[in-house]
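Right, one structure below, let's go through it.
Letters A, B, ... mirror the listed sequences (proteins, then strands); counts begin at 1.
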Protein chains: 2
Amino acid sequence: MNISESELTVITTLWQQSPMTIGQIIERVQQHTDWHDNTIKTLVSRLLKKNHISRVKDGRQFFYSPITQQNEVAEVESKQLLNRFFKGKVSPLLAHFAENKKISQQELNEIESIIQELKNNIANGDKND
Amino acid sequence: MNISESELTVITTLWQQSPMTIGQIIERVQQHTDWHDNTIKTLVSRLLKKNHISRVKDGRQFFYSPITQQNEVAEVESKQLLNRFFKGKVSPLLAHFAENKKISQQELNEIESIIQELKNNIANGDKND
DNA sequence: AGTCATAGTTTACAAATGTAGTCACAAAGA
DNA sequence: TCTTTGTGACTACATTTGTAAACTATGACT
């Protein structure tokens, strides 16, 4: 099952720090939303039901942790985006951002070094595969 | 208002070719879905209501065209993805794909030339801004 | 003229989503 | 002991989305 937009906000806090109690989750989520406590509780239960997070009881409270990891979700969502708009490839996305001048000089440098590293890996036959 | 997943499928055919009659839209969408005619009609009316497409009557038929353009939607969706998972930047996304070895040698070359061009533009002060 | 195929409009209905309210219980404090 | 407060479970309700069915109007064909 999928993670909805607002559920994502909740599980994101758990990706940043876990385990947390419901109180901690509510506190952190409310730092950048105006959602009611109960709303956040509902989102947590939906994530539980969808099996994206788990919890263990310690004393009288539960401590919540993510099951589904951020990079898994990022992977799926990225692929969907690429398929929907960029023929399934990264380069057209990059080209899009390039056209719209949304890439800073510093980011350019970062991208260059990522590319450079990739090329080196390929040149070396990439023994770590 | 937002474009839903299945609405996107419909408007995508209009991005590829427009204007089209409803019959043409249905035909093209059904080339890669098994949606019922009426389903597609409903999606078209929702896109109309949301003002993402327009239509003009010619004789007794309407000819439909997109109002919202693909690159606008791609822009918004891309930004959302980057914000949600990659700190709002392209490079971490690229790094993610790099790690997962989802980038072919050819794409690497494409990326390199995009980068190269960007650097040249910056070096020239990018007079076309 | 009658029938069929197409296009267009309106209505339907379940599941998912956003956004809570209500109720019960137990630990903590007055 | 009584009350407050945090936690958890269950219920609620409007909107959006997916997925059509039903009905209407109008050319096209027989």
Side-chain angles (χ1 to χ4, degrees), chain A residues 1-14 17-65 68 73 76-77 80-81 83-84, chain B residues 1-14 17-65 68 73 76-77 80 84:
Chain A
M1 258 187 283
N2 264 348
I3 299 179
S4 81
E5 182 63 24
S6 45
E7 286 161 11
L8 186 67
T9 299
V10 171
I11 200 176
T12 295
T13 74
L14 285 169
Q17 181 185 328
S18 76
M20 286 197 286
T21 65
I22 191 71
Q24 294 175 303
I25 295 174
I26 288 171
E27 190 192 334
R28 303 207 46 169
V29 169
Q30 285 178 345
Q31 280 170 14
H32 50 104
T33 70
D34 58 351
W35 297 347
H36 194 280
D37 292 23
N38 288 330
T39 300
I40 300 171
K41 286 191 205 171
T42 299
L43 295 172
V44 167
S45 10
R46 288 183 183 164
L47 284 167
L48 271 174
K49 188 186 293 180
K50 292 180 178 181
N51 247 295
H52 289 303
I53 66 178
S54 64
R55 61 183 193 180
V56 289
K57 192 173 269 188
D58 183 4
R60 89 210 117 76
Q61 284 184 128
F62 286 110
F63 285 81
Y64 297 83
S65 301
T68 303
V73 181
V76 171
E77 295 292 317
Q80 273 184 29
L81 181 84
N83 286 333
R84 292 207 264 255
Chain B
M1 256 187 287
N2 264 346
I3 298 179
S4 81
E5 182 64 24
S6 45
E7 286 161 11
L8 187 67
T9 298
V10 171
I11 200 176
T12 295
T13 72
L14 285 169
Q17 181 184 327
S18 76
M20 286 197 288
T21 66
I22 192 68
Q24 294 174 303
I25 295 174
I26 288 172
E27 189 192 333
R28 301 205 48 166
V29 168
Q30 286 179 343
Q31 281 170 13
H32 50 103
T33 69
D34 59 351
W35 296 347
H36 193 280
D37 291 24
N38 287 331
T39 300
I40 300 171
K41 286 191 206 172
T42 299
L43 295 172
V44 167
S45 12
R46 288 184 183 163
L47 284 167
L48 271 173
K49 188 186 294 179
K50 292 180 178 181
N51 245 296
H52 289 302
I53 66 179
S54 63
R55 61 183 193 180
V56 289
K57 191 172 274 195
D58 183 3
R60 87 210 119 73
Q61 282 186 127
F62 285 110
F63 285 81
Y64 296 83
S65 301
T68 303
V73 181
V76 170
E77 295 291 318
Q80 272 184 30
R84 291 207 266 256

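Contacts of A:Thr42 with the nucleic acid, taken as non-hydrogen atoms under 4.0 Å apart, include base atoms. At a threshold of 4.0 angstrom between heavy atoms, the contacts of B:Thr39 include nucleobase atoms, whether or not backbone atoms are also involved. In this structure, B:Tyr64 reaches the sugar-phosphate backbone alone: every heavy-atom distance under 4.0 Å involves primed, P, OP1 or OP2 atoms, never a base. If you check every strand for non-hydrogen atoms under 4.0 Å, A:Lys57 touches nothing.
Rounded to whole Å, atom C1' of C:dA16 lies 14 Å from atom CG of A:Leu47. Residue A:Arg46 contributes atom CZ, which lies 14 Å from atom P of C:dA15 at whole-angstrom precision. Taking atom NZ of residue A:Lys41 and atom P of nucleotide D:dT11, one finds them 16 Å apart after rounding to whole Å. Taking atom CD1 of A:Ile25 as the reference point, atom C1' of D:dG8 lies 13 Å away to the nearest angstrom. The separation between B:Gln24 atom CD and C:dT6 atom P is 13 Å, rounded to whole Å. Computed from coordinates, the A:His36 NE2 to C:dT22 P distance equals 10 Å when rounded to whole Å. One interatomic measurement links the two molecules: CD1 of B:Ile3 to P of D:dT16, which rounds to 15 Å at whole-angstrom precision. For the pair B:Ile26 CD1 and C:dA7 P, the interatomic distance rounds to 7 Å; values are reported in whole Å.
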_Please evaluate residues B:Arg84 and B:Gln80 with respect to the criterion side-chain hydrogen bond (donor to acceptor under 3.5 Å, both in side chains), reporting the C-alpha separation (whole Å), side-chain torsions for both, the decisive distance (0.1 Å), and the verdict._
CA-CA 6 Å; B:Arg84 291 207 266 256; B:Gln80 272 184 30; 3.2 Å; yes

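Of the inter-residue distances, the one linking A:Ser6 atom OG with A:Arg46 atom CZ reads 7.5 Å to the nearest 0.5 angstrom.
Side-chain contact between A:His36 and A:Lys41 is absent, with no heavy atoms from C-beta onward closer than 4.5 Å.
With hydrogens and angles left out, the side chain of B:Arg55 and the base of C:dG8 share no donor-acceptor pair within 3.5 Å.
The listed nucleotides are C:dG21, D:dT19, D:dG8; the one nearest the side chain of B:Leu43 is D:dT19. Among C:dG18, C:dG8, D:dT17, the nucleotide with an atom closest to any side-chain atom of B:Lys50 is D:dT17.
When the nearest nucleotides of DNA chain C are assigned to A:Ser4 and A:Arg60 by heavy-atom distance, the more 5′-ward of the two goes with A:Ser4. Both A:Phe62 and B:Asn38 lie close to DNA chain D; mapped to their nearest nucleotides by heavy-atom distance, the more 5′-ward contact belongs to A:Phe62.
Checked by atom type, the side-chain pair B:Asn2/B:Glu7 shows no donor-acceptor distance below 3.5 Å.
Side-chain N/O atoms of B:Trp35 include one lying less than 4.0 angstrom from OP1 or OP2 on D:dT19.
Looking at B:Gln30, its side chain does come within 3.5 Å of a backbone N or O of B:Trp35 through a donor-acceptor pair.
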